[in-house]
Amino acid sequence: QVQLVESGGGLVQAGGSLRLSCAASGRSFSSYAMGWFRQAPGKEREFVAAISRSGGSSSYADSVKDRFTISRDNTKNTVSLQMNSLKHEDTAVYYCAASQHGTYYHAPHWTSEINYWGQGTQVTVSS
């Protein structure tokens with residue numbers, strides 16, 4: 001069993017930055033590909049970024065590429081999302097996800113591949 005707890009959300013002005021963190025409890029954190037997803041009010045949950053088990057490879061949604069950076073520390077069982085140049089349209093609840101069998105490059109299509117979700121953290125970007 002793996003529990004994921006996100007932190008770091010909040011209110012920020014457009015153009016600002018936030019860093020989200022996801023702390024994982026349980027064993028074998030490094031055996032999971034990790035991802036970040038978000039859900040804005042009235043919209044479906046969407047892929048944001050994902051990272052390989054080793055942390056050596058990552059993938060991003062086009063909407064956040066060159067602004068967001070995903071990273072992980074397998075010694076601390078954490079995955080982070082550095083968000084720069086935030087836009088109003090980045091406002092959403094951000095969720096951390098763990099996939100035991102999925103691959104980072106297939107993360108936009110993770111559906112049944114997600115084994116665990118965090119509870120989410122709200123990010124609000126004021127324009």
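Predicted model only: the values in this text are computed from it and were never measured.
- The structure places CG of L81 at 10.0 Å from CG of L18, a figure rounded to the nearest 0.5 Å.
- Note on V12: it clusters hydrophobically with F68, by side-chain heavy-atom contacts below 4.5 Å among ILVMFWY residues.
- Taken together through direct or relayed side-chain contacts under 4.5 Å among Ile, Leu, Val, Met, Phe, Trp and Tyr, V123 and Y95 form parts of separate hydrophobic clusters.
- Taking Q100 as the reference, Y32, N115 meet the side chain to side chain contact (heavy atoms under 4.5 Å, CB included) condition, with sequence neighbours excluded.
- Nearest approach of V125 to T91, heavy atoms of both residues: N-OG1, 2.9 Å.
- At a threshold of 4.5 Å between non-hydrogen side-chain atoms, the residues Y116 and Q1 count as touching.
- Checked by atom type and distance alone, the side chain of Q119 never pairs as donor or acceptor with a backbone atom of V5 at under 3.5 Å.
- Nearest heavy atoms, M34 versus A98: SD-CB, 3.6 Å.
- Between F47 atom CZ and H109 atom NE2 the span is 9.0 Å, to the nearest 0.5 Å.
- Annotation for E89: atom CD counts as buried by contact number, over 12 foreign heavy atoms lying within 6.0 Å.
- Interatomic distance, CZ of R19 versus CE of M83, reported as 10.5 Å (0.5 Å rounding).
- When atom types are taken as modelled, the side chain of S57 and the backbone of S52 share no donor-acceptor pair closer than 3.5 angstrom.
- Counting heavy-atom neighbours within 6.0 Å of K65 NZ, excluding the residue itself, gives a total above 12.
- Considering only residues two or more places apart in sequence or on other chains, S31 meets the side chain to side chain contact (heavy atoms under 4.5 Å, CB included) condition with S28.
- Here the shortest heavy-atom pairing between W36 and I70 reads CD1-CD1, 3.6 Å.
- Under the 4.5 Å side-chain heavy-atom criterion for ILVMFWY residues, a single connected hydrophobic cluster contains both V2 and F29.
- Residues A24 and L4 come closest through the heavy atom pair CB-CD2, 3.6 Å.
- The closest side-chain heavy-atom distance from Y104 to I51 is not below 4.5 Å.
- Note that the SG atom of C22 and the CZ atom of R72 stand 10.0 Å from one another [nearest 0.5 Å].
- Atoms NE2 and NE2, from H101 and H106 in turn, are 15.0 Å apart once rounded to the nearest 0.5 Å.
- Although no hydrogens or angles enter the test, the distance criterion places a donor-acceptor pair under 3.5 Å between the side chain of E6 and the main chain of G120.
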request  = List the steps and the verdict of side-chain contact (heavy atoms from CB on, under 4.5 Å) for R38 and S63.
outcome  = CA-CA 12 Å; R38 67 187 182 186; S63 59; 3.5 Å; yes
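- At distances below 3.5 Å, not a single donor-acceptor pair connects side-chain atoms of S21 with backbone N or O atoms of S7.
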Derivation of the side-chain hydrogen bond (donor to acceptor under 3.5 Å, both in side chains) call for T124 and Q122 = CA-CA 6 Å; T124 302; Q122 176 71 47; 3.3 Å; yes
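- Atom OG of S127 is separated from atom CG of L86 by 12.5 Å, given to the nearest 0.5 angstrom.
- A perpendicular orientation is assigned to the rings of F37 and W117, their planes being inclined by more than 60° (bins at 30° and 60°).
- One N or O on the side chain of W110 and one on the backbone of T103 form a donor-acceptor pair closer than 3.5 Å.
- Contact record, T69 with Y60: CA-OH, 3.4 Å, taken as the closest heavy-atom pair.
- When all heavy atoms of D90 and S85 are compared, the pair lying nearest together is OD2-O, 4.5 Å.
- Every residue meeting the side chain to side chain contact (heavy atoms under 4.5 Å, CB included) condition with S30, not counting sequence neighbours, appears here in chain and number order: N74.
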